Amino acid sequence: MQEVRGKTITVSASKTRPSDTNAYTIGDVINESTSAGTNWTFVLQGPGGNVGPLGSCILQSATIISSVSQSTKLEGRLWLFDTDPAADFDNAEFTPTDAEQLRFLQVVEFPTSAWLTPGATPANTVCNAQGLWLPINTTKDANAIYGVLEARNAYTPASAEVLTIKLGLIV
């Protein structure tokens, strides 16, 4: 296992949901396609900007930003893996295999109560999970962390809603 060196980096990924308002139920995957979705890919870049292997680090924070402000906020769960699991389609049940679960790193909860809306008539919302201090131990050559965003409530999205997830890592 590599040691954590104490530098902070932020990695992010964005997805534009399908152009529909089909409600999610508990356990549904949120991604960009109902027929060919992909998982969230967080490319690891060191403080110098070069993509490279991560090894061990600390997941310090996770933020999800929505381009809209729905009256019922998403309660989400972000599953993180060190290899890319088979992708489930948008609005389909999350179905990781036993082998994929062995590549599981950590999970981050985004509760409905933690969403923040700026201003009186917000056009977007933010949910920030801070102070996580979760260890991440990837394979020594890993240059990405993969995520699956799972709905944990009945959430009716906006059509073509853009979601951005940022991970704060101490490497």
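Along the sequence shown, residues carry numbers from 1. These numbers come from a predicted model, not from an experiment.
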Is it the case that one hydrophobic cluster holds both Leu80 and Val11, taking links as side-chain heavy atoms less than 4.5 Å apart, direct or via other members? yes

Just do the side chain to side chain donor-acceptor pair (under 3.5 Å) check on Tyr155 and Asp28 with the steps written out, would you? CA-CA 10 Å; Tyr155 175 67; Asp28 285 352; over 6 Å; no

To the nearest 0.5 angstrom, please state how far the CG atom of Leu163 sits from the SG atom of Cys127. 11.5 Å

From CH2 (Trp133) to CD1 (Ile170), nearest 0.5 Å: 3.0 Å

Should Ser66 and Trp115 be marked as a side-chain contact (heavy atoms from CB on, under 4.5 Å) after you check the CA-CA gap, both sets of side-chain angles, and the distance that decides it? CA-CA 10 Å; Ser66 172; Trp115 283 89; 4.1 Å; yes

Scan for salt bridge (charged side-chain N to carboxylate O under 4.0 Å, His left out) pairs involving residues 155-171, sequence neighbours excluded, and state none if there are none. none

Say whether, by atom type as modelled, one donor and one acceptor occur between the side chain of Asn153 and the main chain of Lys73 under 3.5 angstrom. yes

Side chain to side chain contact (heavy atoms under 4.5 Å, CB included) test vs Leu74 passes for just one of Thr125, Thr156, Ile30, namely Ile30

I need the Phe42 CZ to Asn143 CG distance, nearest 0.5 Å. 14.0 Å

Say whether, by atom type as modelled, one donor and one acceptor occur between the side chain of Glu32 and the main chain of Thr38 under 3.5 angstrom. yes

Would you mind telling me which of Asp82, Thr97, Asp84 makes a side-chain hydrogen bond (donor to acceptor under 3.5 Å, both in side chains) with Arg103? Asp82

What's the shortest heavy-atom distance between Ser69 and Thr117, and which atoms? OG-CG2, 3.7 Å

Any side-chain heavy-atom pair from Val29 and Phe89 closer than 4.5 angstrom? no

Ala62 versus Leu167, closest heavy-atom pair with distance: CB-CD2, 3.9 Å

Should Ile136 and Ile58 be marked as a side-chain contact (heavy atoms from CB on, under 4.5 Å) after you check the CA-CA gap, both sets of side-chain angles, and the distance that decides it? CA-CA 6 Å; Ile136 300 275; Ile58 301 293; over 6 Å; no

Is it the case that the side chain of Arg17 and the backbone of Pro157 share a donor-acceptor pair, with hydrogens and angles ignored and the cut-off at 3.5 Å? no

So, using side chain to side chain contact (heavy atoms under 4.5 Å, CB included) as the criterion, who are the partners of Glu150 when residues are at least two apart? Arg77, Trp79, Phe94, Arg152

If you round to the nearest 0.5 Å, how far is OG1 of Thr112 from CD of Glu75? 5.0 Å

Separation between CD1 of Ile165 and OG of Ser14, rounded to the nearest 0.5 Å: 8.5 Å

Could you state the interatomic distance from OG1 (Thr164) to CH2 (Trp40), rounded to the nearest 0.5 Å? 6.5 Å

My understanding is that only one of Ile64, Thr63, Leu59 makes a side chain to side chain contact (heavy atoms under 4.5 Å, CB included) with Val108; could you say which? Leu59

According to a hydrophobic-cluster definition based on side-chain heavy atoms being under 4.5 Å apart (Ile, Leu, Val, Met, Phe, Trp, Tyr only), do Val148 and Ile145 belong together? no

Set out, in order, the CA-CA distance, both residues' side-chain angles and the distance that settles side-chain contact (heavy atoms from CB on, under 4.5 Å) for Leu169 and Gln60, then state yes or no. CA-CA 5 Å; Leu169 302 171; Gln60 180 180 20; over 6 Å; no

Do Pro96 and Pro85 have side-chain heavy atoms sitting under 4.5 Å apart? no

I'd like to know if the side chain of Asn39 and the backbone of Tyr146 have a donor-acceptor N/O pair within less than 3.5 Å. no

Would you name the heavy atoms of Thr34 and Pro18 that are closest together and state the gap between them? CG2-CG, 4.0 Å

Residue pair Ala129 / Glu109: nearest heavy atoms and the distance that separates them: CB-O, 4.1 Å

Shortest non-hydrogen contact between Thr41 and Ala13, atoms and distance: O-CB, 3.4 Å

Any side-chain donor near an acceptor of the partner, Thr95 and Asp88, under 3.5 Å: yes

